[in-house]
Q: 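One structure coming up, written as structure tokens, with questions to follow.
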Amino acid sequence: MVSTIRPSRGYRVFQGVNGVILTLVVLITLYPFVNIVARSFSGEKEIRAGDVTLWPKGFDLTTYEIVFSDSMFWRNYGNTVLYTVVATAVAMVLTTCYAYVLSKHHLKGRGALVGIAVFTMFFTGGLIPNYVLITSLGLKNSVWAIALPNAISVFNLLVMKAFFESLPSELEEAAQIDGLSTYGILLRIVLPLSKAVVATMVLFYSVSFWNSWFSAFLYMDRTELMPVTVYLRNLLAGATGGTGAGATTENLTQVNANIQAVTIVLTSLPILCVYPFVQRYFVSGVMLGAVKG
């Protein structure tokens with residue numbers, strides 16, 4: 001017969017207090033975003049009067065209709081998806097390979113490679129030399145102008161390096177005895193045990209590239225090549241003034257009132273939709289890499 005141990009009174013009090021505190025933290029975290037969503041669907045008078053809190057007032061879809069009716073918005077949105085997928089794939093391949101190499105303590109010149117990576121965290125060539133370099137390489141007006149200059153984040157590199165170093169070296173030694181090559185060990189042994197850090201790095205890179213607008217603003221000359229962040233940035237900054245997206249004069253006040261909220265919702269919603277699917281890989285990756293006893 002299995003005996004159950006009832007938690008003590010102090011532990012139950014701790015659980016209750018902990019639950020209340022975490023609930024308050026969640027509510028405080030969610031409030032700003034819920035308020036932004038409510039403002040994006042509210043009318044101009046209610047927004048300017050400060051009456052919008054957690055629920056839309058004076059329900060109005062004018063700004064959404066103006067943005068969605070513009071064909072350039074959808075074209076730029078497609079560009080963002082393409083740039084994010086390609087740039088994240090390139091970044092993951094380069095970061096994973098570099099981190100795996102740096103995790104080998106017996107590698108000759110390892111200290112120099114680590115130093116080169118860390119050096120770039122504090123010193124850069126500057127905006128003009130980078131622009132000249134991208135232009136001279138013929139990368140302007142292409143996805144590579146966004147993907148290659150930001151392909152390796154040193155912070156992500158060091159995180160992956162530390163994770164690879166924590167894996168048992170006996171696994172790789174056993175794989176070498178079985179005849180696996182270096183790439184075979186990486187693909188068939190190391191990466192399956194590193195799903196947690198790989199999923200985290202994919203999320204970090206994808207969010208970074210999705211929200212990035214300055215690289216495209218700098219290296220893209222044609223409007224049809226811009227990502228949606230630049231489109232919304234121009235709309236927000238008044239470069240198009242709403243009229244470029246098909247707004248009429250009587251709708252400009254509504255657009256000006258909640259364009260910031262609409263911009264935040266449109267750029268954040270895709271990442272919020274993807275995150276729950278990535279979250280399960282965090283859990284499965286941790287379980288695969290855990291020590292069973």
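Quantities reported herein were computed from a predicted structural model and do not represent experimental measurements.
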Q: V20: which other cluster members, linking ILVMFWY side chains closer than 4.5 Å, directly or transitively?
A: L24

Q: Only pairs at least two apart or in different chains count here, so list each ring pair (Phe, Tyr, Trp, His ring centres under 6.0 Å) that has a residue in residues 105-124.
A: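 Listed by first then second residue: F119-F123.
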
Q: Tell me if a side-chain donor or acceptor on S194 pairs with a main-chain N or O of V197 at a distance below 3.5 Å.
A: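 No.
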
Q: Mark yes or no for whether S69, through its side chain, and I66, through its backbone, hold a donor-acceptor pair below 3.5 Å.
A: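 Yes, because the side chain of S69 sits within donor-acceptor range (under 3.5 Å) of the backbone of I66.
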
Q: Output all residues satisfying ring pair (Phe, Tyr, Trp, His ring centres under 6.0 Å) with W213, sequence neighbours left out; order by chain, then residue number.
A: F217

Q: Is a donor on one side and an acceptor on the other found under 3.5 Å between the side chain of S42 and the backbone of I47?
A: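 No, because the side chain of S42 does not come within donor-acceptor range (under 3.5 Å) of the backbone of I47.
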
Q: Using the salt bridge (charged side-chain N to carboxylate O under 4.0 Å, His left out) criterion, which residues pair with K161? Sequence neighbours excluded.
A: E165

Q: Which pair of heavy atoms, one from A196 and one from T200, lies closest together, and at what distance?
A: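 Shortest heavy-atom separation between A196 and T200 comes out as O-OG1, 2.8 Å.
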
Q: Show me the pairs that pass ring pair (Phe, Tyr, Trp, His ring centres under 6.0 Å) and involve residues 181-207, at least two apart or across chains.
A: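 Every pair satisfying ring pair (Phe, Tyr, Trp, His ring centres under 6.0 Å) with a residue in residues 181-207: there are none.
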
Q: If hydrophobic residues (ILVMFWY) are linked whenever their side-chain heavy atoms come closer than 4.5 Å, directly or via other members, who joins L27 in its cluster?
A: none

Q: To which residues is Y11 joined in a hydrophobic cluster, defined by side-chain heavy-atom contacts under 4.5 Å among Ile, Leu, Val, Met, Phe, Trp and Tyr, whether direct or through other members?
A: F14

Q: Whether the side chain of D221 engages the backbone of N141 through a donor-acceptor N/O pair (distance < 3.5 Å, no angle test) should be reported.
A: no

Q: I need the full list of salt bridge (charged side-chain N to carboxylate O under 4.0 Å, His left out) pairs touching residues 75-104, with sequence neighbours left out, sorted by first then second residue.
A: K104-E172

Q: Working note: N79 + V228, criterion side chain to side chain contact (heavy atoms under 4.5 Å, CB included); need CA distance, chi angles, decisive distance, verdict.
A: CA-CA 7 Å; N79 292 338; V228 71; over 6 Å; no

Q: Answer with yes or no whether the hydrophobic clustering places I21 together with V13; edges join I, L, V, M, F, W, Y residues whose side-chain heavy atoms lie under 4.5 Å apart.
A: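 Per the 4.5 Å side-chain linkage, I21 and V13 are co-clustered.
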
Q: Please tell me whether L272 and V262 are part of a single hydrophobic cluster in this structure, the criterion being side-chain heavy atoms less than 4.5 Å apart.
A: yes

Q: Ignoring hydrogens and geometry, is there a side-chain-to-backbone donor-acceptor pair from T267 to I264 under 3.5 Å?
A: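 Checking the backbone N and O of I264 against the side chain of T267, a donor-acceptor pair under 3.5 Å is found.
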
Q: Tell me, which pairs form a salt bridge (charged side-chain N to carboxylate O under 4.0 Å, His left out) where one or both residues lie in residues 127-138, sequence neighbours left out?
A: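 Not a single pair qualifies under salt bridge (charged side-chain N to carboxylate O under 4.0 Å, His left out).
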
Q: Report the residue from W210, Y83, Y231 that forms a ring pair (Phe, Tyr, Trp, His ring centres under 6.0 Å) with Y77.
A: W210

Q: Not counting sequence neighbours, which residues clear ring pair (Phe, Tyr, Trp, His ring centres under 6.0 Å) with Y64? List them please.
A: F41, F68

Q: For R9, check salt bridge (charged side-chain N to carboxylate O under 4.0 Å, His left out) against everything at least two apart and list the hits.
A: none

Q: Keeping the roles fixed (side chain from T95, backbone from I152), state whether a donor-acceptor pair exists under 3.5 Å.
A: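 Side chain of T95 to backbone of I152, a donor-acceptor pair under 3.5 Å: no, none is there.
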
Q: Any donor and acceptor pair, going by atom type alone, linking the side chain of N258 with main-chain N or O of S40 inside 3.5 Å?
A: yes

Q: Quick one: does S268's side chain have a donor or acceptor within less than 3.5 Å of a partner on V265's backbone?
A: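 Checking the backbone N and O of V265 against the side chain of S268, no donor-acceptor pair under 3.5 Å is found.
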
Q: Count the heavy atoms belonging to other residues, nucleotides or ligands that lie under 6.0 Å from CZ of R110, then report whether that count exceeds 12.
A: yes

Q: Should L187 and M92 be counted in the same cluster of Ile, Leu, Val, Met, Phe, Trp and Tyr side chains packed under 4.5 Å apart?
A: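 Same cluster.
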
Q: Just by modelled atom types, is the V81 backbone N or O under 3.5 Å from a matching donor or acceptor in the T84 side chain?
A: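 Between the backbone of V81 and the side chain of T84 there is no qualifying donor-acceptor contact (under 3.5 Å).
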
Q: Under the salt bridge (charged side-chain N to carboxylate O under 4.0 Å, His left out) rule, collect the residues that match up with D178, sequence neighbours excluded.
A: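 D178 satisfies salt bridge (charged side-chain N to carboxylate O under 4.0 Å, His left out) with no residue once adjacent residues are dropped.
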
Q: Does one hydrophobic cluster hold both V93 and V86, with members joined at side-chain heavy-atom distances below 4.5 Å?
A: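 They do not share one cluster, since no chain of ILVMFWY contacts under 4.5 Å joins V93 to V86.
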
